[in-house]
Every structure is written in C-alpha cells, then in structure tokens.
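Side chains are part of it too, since the values below use all heavy atoms of this structure and drop only hydrogens, waters and symmetry mates.
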Amino acid sequence: MASNDDERRRLLDQGNGSNPWYNTATMPTPHYHYPQQIPGYGGVMAMTQPLQNFPVQNPAILEPQMSEAHKSQPAGMASMVPGQQMLTKSYSVHAEGALGYLTPLQLGRHELYERVPFTAVFGMQQKERNITKAFASYAADLDTLEQDQIVYSRTNQHLSVDELDSRRTRASLLLMDELEMDAVLVTTPLIIAIFVAGLCQFLVGYNTGVMNSPSSVVFSGHSTLEWSIAVSVFAVGGPWGAVAAGTLVDTRGRRGAMAICIYTFLIGGIIQTTAKNMIFITVARFIIGFASGFSSVLVPIYLGELAPPTLRGTLGTLTQFCLVTGIYVSDLLAFPFATEKGWRILFSVTAVASVIQILCFPFLIESPRWLLGRDRASRRARHIIKKLRGLRYDHEIEIEVNHFVSAAHKQACDNNEENTSSKVAFLAMLMDKQIRKLLVCSLVLQMAQQLCGINAVFYYSTMFFEGLIDSPLLGTTLVGGVNVVATYIALLLMENTNRRTLILWSAGGMFVSSVMLVVCLLGYFSKMASLFFVISFVSFFEIGLGPM
C-alpha cells in the first residue's frame with residue numbers, strides 16, 4: 001500500500017519542476033489539423049499527453065510527418081520502449097485521431113490567433129481574457145483526466161476529489177500564465193511600432209481640435225466663411241485618405257503605407273505652419289485630413305498584425321487614448337500659443353511630430369502577416385517574427401508562422417487568404433447574406449458617429465462658448481479633459497455591458513443633452529448650464545457611439 005501511495009505522489013509531482021506545456025525543444029516543423037470543437041465553446045479539441053509518453057499502435061503513420069533530425073534525437077529527447085514507437089510529451093492527438101505537434105500551450109495560442117481579429121480594436125480585452133480562460137480550463141480538464149488514467153493504470157486507484165481539484169487548478173493557472181505571457185513580454189520592434197503608430201493617432205486628435213481656439217488670431221480679418229471652409233475641409237480629406245489607405249496597405253505593405261501617412265502629415269504640417277494666407281491654411285487642412293483618414297484605417301491594421309492576440313485589445317485602447325489625448329493637448333497648448341505671435345507654434349506640432357516619426361522609421365518593421373500573405377515561404381517574414389516575438393529556434397518561428405497563416409485563412413471572408421484586397425473583401429461581405437446585415441449596421445453606426453454633431457463641438461466649442469461663459473478657452477479645455485475621462489469610463493463599461501445597451505444609452509443621452517442645450521440657449525436656464533450639457537453630450541458620445 002505504501003508503494004502505491006509513493007507511486008501516486010511521484011506521478012502527481014511530474015512536471016512540477018518546469019512547465020509541462022512549454023517543452024518545445026523536441027518539436028520539428030509543425031503540421032496542423034483541424035479537429036472537432038469544444039462543446040459549448042467552439043475551440044480546438046485535442047486529447048493531449050502533456051506529462052507522459054504514449055504508445056503509437058501504427059508507427060508508419062508518423063513517417064510522413066517526422067523529420068530525419070527528429071527520429072535521431074538523443075536520449076531524453078524522445079523516450080523509447082524497445083520494440084515500440086513512442087511520442088514525446090510535445091505531441092498531441094486530436095479527438096478524431098489525427099496527430100499534431102502542438103502542446104496545449106501552443107494550441108491555446110493557436111486558438112487565440114484564430115479567434116482574435118488582426119486589428120487593434122478598442123475594448124477587446126474582455127474577449128481575449130474569455131478565450132484564454134476557456135481554453136486554460138478545458139486543457140486543465142484534459143490533463144486532469146489523463147493523469148487520473150495514468151495513476152489508475154499504475155496503482156489501480158483513481159485520484160481523490162481533492163487531488164483532482166488540486167491538479168486542475170495548478171494546470172489551469174500554469175497554462176493561463178503562459179498564454180498571457182505575450183501581454184508582458186513586449187519587444188523593442190513592437191515598442192517602436194506602437195510609438196510611431198500612436199503618434200499618428202495623436203496627430204489625428206490634435207488636428208481635430210487645433211483649429212478650435214485660434215480662430216480670432218490666425219490672419220485676423222478673415223470672414224466666417226473662410227474659416228469655416230478651412231476647418232471643415234479636414235473632414236473632406238478624411239474619407240479620401242481612408243479610401244486610399246484601403247488600397248495602399250495591400251499594395252505597398254503596412255510599412256510602406258505608414259511612410260506615406262507620415263510624409264503626408266509632414267507636408268500638411270509644414271504648409272500650415274508657414275501659411276501666407278487662409279488659402280494655404282485650407283490646403284494644409286485638406287492634406288492633414290487626408291493623412292488622418294489614412295491613419296485611422298492603417299494604424300489598427302498595422303498594430304493588430306504585429307501584436308500577439310493578448311495585446312491587440314490593449315493596443316486598440318491605447319490608440320483611442322492617443323486620439324483623445326491629442327484633442328486635449330491642442331486645447332492646453334492654446335493657452336500660451338493661441339495668440340497673434342504664437343499660432344504658428346501651435347500648428348508646427350504636426351510637423352515636429354512627423355519628423356520624430358521619420359527618425360524612428362528605419363527601425364520600423366513590416367507586418368509579417370502581409371509578407372506571408374504574399375509568400376508563405378518568405379524569409380523576411382520569419383526574420384521579423386523572430387525579432388518581434390523574441391524567438392531563438394527555427395521550430396518556434398515555424399510554429400508562429402503557422403499561427404499567422406492559419407488565422408489569416410480562418411478570418412478571410414472568402415476563406416482565401418491569398419487574396420487580401422480590401423475591395424474584394426468588401427464585395428465578399430456584401431454578397432454574403434449572413435454578413436450583409438452586420439455590414440449595413442456597421443455603416444449606419446459609422447454614419448451616426450460622424451453626423452451626430454460631435455465634430456462641431458471639437459471644431460467650434462470656443463466660438464460657441466463666447467458670450468455664454470467668461471473664459472471660452474477654459475470651457476473648451478474642460479470639454480477636452482472630460483473627453484479623456486469619458487473614454488476611460490467607456491473602457492470600464494465595455495468590460496461588463498453589451499455593446500447594444502451602450503449604443504442605446506449613448507444615443508439617448510446625446511439626444512436629451514442636445515434638447516436641454518437648446519433650452520438653455522433659449523434662456524430657460526442659466527448660460528452656465530449650457531457648459532454642463534455640452535460636457536454631458538461629449539460624455540454620452542464617448543461611452544457608445546465614439547468607440548464603436
């Protein structure tokens with residue numbers, strides 16, 4: 001009896017010295033299988049053997065999949081029983097019997113790659129965590145079941161309930177820690193990409209609000225029509241930039257498109273800073289608007305394709321904060337520089353930020369997903385993945401490459417990852433009856449976001465507050481600060497509230513705020529109350545229509 005207890009303890013303690021799911025030293029080039037689904041979840045289902053070798057009844061099935069180098073691994077790399085072919089703990093057997101070379105950890109990362117879209121989207125952290133928890137729990141259940149079978153085969157006794165719970169908890173926490181490691185291990189190339197892309201979004205926000213305050217000091221004597229055209233032409237350039245970005249990010253690559261965006265910002269910033277009259281200001285605003293629309297399409301794609309799945313939601317939130325921070329900074333800088341002698345300094349921020357981006361550009365990397373979409377054998381893509389993920393071994397790089405390729409295939413609208421054209425993808429969505437309704441809803445939401453009147457607040461709030469409050473510039477700055485805070489509140493709400501509810505509350509709150517603002521302007525309430533309802537309007541926008 002004592003020998004059985006010792007054997008049980010020995011079997012339960014296996015894997016305590018290291019992570020049993022991260023033994024990748026013996027893995028050859030991976031081969032993927034597409035197995036059944038986890039009941040109630042829809043993820044990859046794989047019966048795994050993470051802690052023990054297991055016999056293969058028909059060794060011949062391994063021949064097409066195993067490299068010669070792997071067959072001749074030294075002792076310790078693949079335990080062998082005389083006369084019987086064995087697999088190491090780095091292998092898995094899927095539910096339908098197919099062999100795979102992915103450990104549960106790698107299967108979890110594979111699942112994240114396929115289920116988290118290649119875009120940095122605001123408020124997506126909860127989805128990432130849900131997928132991670134679901135897979136960690138499922139893999140822990142498999143490991144516990146397998147270990148119970150191993151103990152029973154050796155000792156003729158099943159594990160107790162406490163032993164099962166202890167094993168399941170330890171396995172689940174261990175796997176979650178490994179899956180979330182990508183969120184804390186950020187490499188230098190990714191940091192540089194985040195900085196450059198974040199500056200682009202900062203400039204989008206900055207140029208949204210920079211014309212708000214200096215209307216009375218920039219070429220004083222201009223007409224209201226001239227100033228209105230100069231301000232609003234920014235929004236005219238945006239759609240053209242977005243359309244151009246949809247084509248150029250596919251033809252020129254993400255890095256090449258980023259260069260176009262940066263130099264467009266630079267040209268617009270220089271023209272605006274050195275403008276001789278309102279015509280130059282108007283032209284510069286159109287160019288900067290073009291670059292802003294371009295950036296709004298490019299940045300989420302670029303960061304989403306560089307970042308690991310567990311970071312994409314965080315980076316989407318970061319870029320949104322860069323945008324609203326840009327608006328707020330333009331309001332703050334207006335205090336010292338919105339003068340007849342200082343307004344050019346206010347406009348020069350765009351050019352200065354673009355120069356900083358150009359200095360960082362030699363260190364900017366191309367999207368490995370774009371490179372692999374053009375050539376799956378791309379050595380450049382593999383070199384970038386090695387630097388981007390901090391990998392050392394070829395088999396690790398190949399596993400990551402297959403994550404990219406498989407996820408691109410899974411997320412493609414027409415299941416053809418070779419065709420990455422934005423135009424073809426749009427037509428494919430439009431022709432698909434299941435997706436068409438979602439596409440129409442998305443277009444309506446985007447139209448509502450642009451036509452709800454929020455741009456008027458960020459473009460003209462200083463002029464609006466003149467005669468209503470003592471310091472119009474202070475009122476504008478308060479609105480900008482509340483915009484940043486409301487963005488953070490929206491992030492918290494999106495973690496626990498469904499999107500439909502937020503949109504309905506957002507639209508309803510904005511409607512009530514608009515009505516009350518008109519009532520204030522008609523003299524039924526004090527003029528100071530109008531400031532409150534403008535802030536209320538912006539706050540409701542940010543919790544729903546803004547981040548959607």
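For the atom pair Thr224 OG1 and Met463 CE, the distance stands at 6.0 Å (nearest 0.5 Å). Note: Tyr460 OH to Glu466 CD = 13.5 Å, rounded to the nearest 0.5 Å. From Ile260, atom CD1 reaches atom CG of Leu248 across 4.5 Å, with rounding to the nearest 0.5 Å. One finds the CG atom of Leu493 at 12.0 Å from the CD atom of Glu542 (value rounded to the nearest 0.5 Å). Here the straight-line distance linking atom OG of Ser513 with atom CZ of Phe532 works out to 7.5 Å at 0.5 Å rounding. Taken to the nearest 0.5 Å, the OG atom of Ser506 stands 4.0 Å off from the CG atom of Leu545.
Nearest heavy atom pair, residue Phe294 against residue Ala244, reads CE1-C, 4.1 Å. Of all the heavy atoms in Ala284 and Ile271, the pair that sits closest is CB-CG2, 3.8 Å. Between Leu473 and Asp331, the shortest heavy-atom distance links the atoms CD1-O, 4.3 Å. Val297 and Gly246 get closest at one heavy-atom pair: CG1-N, 4.4 Å. When all heavy atoms are compared, the tightest approach of Met510 to Phe541 is SD-CA, 3.7 Å. Scanning all heavy atoms of the two residues, the minimum distance from Trp505 to Phe540 falls at O-CD2, 3.7 Å.
For the 3.5 Å distance criterion, the side chains of Gln201 and Ser295 qualify, holding a donor opposite an acceptor. Inspection of the Asn207 and Ser292 side chains reveals no N or O donor paired with an N or O acceptor under 3.5 Å.
Evaluation of the side-chain hydrogen bond (donor to acceptor under 3.5 Å, both in side chains) rule for Ser367 yields Glu305 as partners, not counting sequence neighbours.
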One pair to check against side-chain contact (heavy atoms from CB on, under 4.5 Å): Phe537 and Ile454. What are the steps and the verdict?
CA-CA 8 Å; Phe537 181 87; Ile454 193 67; 3.9 Å; yes
Run the numbers on Thr350 and Gln272 for side-chain hydrogen bond (donor to acceptor under 3.5 Å, both in side chains), then give the verdict.
CA-CA 9 Å; Thr350 301; Gln272 191 173 24; 4.9 Å; no
Run the side-chain contact (heavy atoms from CB on, under 4.5 Å) check on Ile365 and Arg255 step by step: do they pass?
CA-CA 7 Å; Ile365 58 176; Arg255 187 174 183 269; 5.8 Å; no
Under the side-chain contact (heavy atoms from CB on, under 4.5 Å) criterion, do Asp375 and Arg380 qualify, and how do the steps go?
CA-CA 10 Å; Asp375 178 14; Arg380 184 185 175 193; over 6 Å; no
Please report the C-alpha distance between Ile543 and Thr487 in whole Å, then the side-chain angles of each, then the deciding distance to 0.1 Å, and finally whether the side-chain contact (heavy atoms from CB on, under 4.5 Å) criterion is met.
CA-CA 7 Å; Ile543 69 169; Thr487 301; over 6 Å; no
Evaluate the side-chain hydrogen bond (donor to acceptor under 3.5 Å, both in side chains) criterion for residues Ser348 and Thr273: first the C-alpha distance (whole Å), next the side-chain angles of each, then the deciding distance (0.1 Å), finally the verdict.
CA-CA 5 Å; Ser348 68; Thr273 304; 5.1 Å; no
Between Asn212 and Ser461, is a side-chain hydrogen bond (donor to acceptor under 3.5 Å, both in side chains) present by the stated rule, with each step listed?
CA-CA 7 Å; Asn212 198 337; Ser461 61; 2.7 Å; yes
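A donor-acceptor contact shorter than 3.5 Å is absent between the side chain of Ser220 and the backbone of Val217. In this structure, the side chain of Thr317 engages the main chain of Gly313 through a donor-acceptor pair within 3.5 Å. One N or O on the side chain of Arg285 and one on the backbone of Val231 form a donor-acceptor pair closer than 3.5 Å. Using a distance-only test at 3.5 Å, with no hydrogens or angles considered, no donor-acceptor pair links the side chain of Ser539 to the main chain of Ala486. Glu366 places a side-chain N or O within 3.5 Å of a backbone atom of Arg254 that can act as its donor or acceptor partner. Between the side chain of His383 and the backbone N or O of Ser378, no donor-acceptor pair lies under 3.5 Å.
Atom CD1 of Ile279 has 12 or fewer heavy atoms from other residues, nucleotides or ligands within 6.0 Å. Atom CZ of Phe335 sits in a crowded spot, with more than 12 heavy atoms from other residues, nucleotides or ligands closer than 6.0 Å. By the 6.0 Å contact criterion, CZ on Phe361 is enclosed, its count of non-hydrogen atoms from other residues, nucleotides or ligands being greater than 12.
Between Val210 and Phe347, the closest side-chain pair of non-hydrogen atoms falls below 4.5 Å. The shortest side-chain heavy-atom distance between Met258 and Cys200 falls under the 4.5 Å cut-off. With a 4.5 Å cut-off on side-chain heavy atoms, Cys360 and Phe195 count as touching. Between Phe265 and Ile288 the shortest side-chain heavy-atom distance falls below 4.5 Å. With contacts defined as side-chain heavy-atom distances shorter than 4.5 Å, the pair Asn483/Phe458 qualifies. Looking at heavy atoms from C-beta onward, Thr187 lies out of side-chain contact with Lys387 at the 4.5 angstrom threshold. By the 4.5 Å heavy-atom criterion applied to side chains, Phe337 and Arg344 are not counted as neighbours. Using a 4.5 Å cut-off on side-chain heavy atoms (C-beta onward), Arg382 and Val401 make contact.
Proximity of the aromatic rings of Phe219 and Trp343 is defined here by a centroid distance below 6.0 angstrom, and this criterion is met.
Using the six-membered ring where Trp is involved, Phe321 and Tyr488 have ring planes that are tilted, between 30° and 60° apart.
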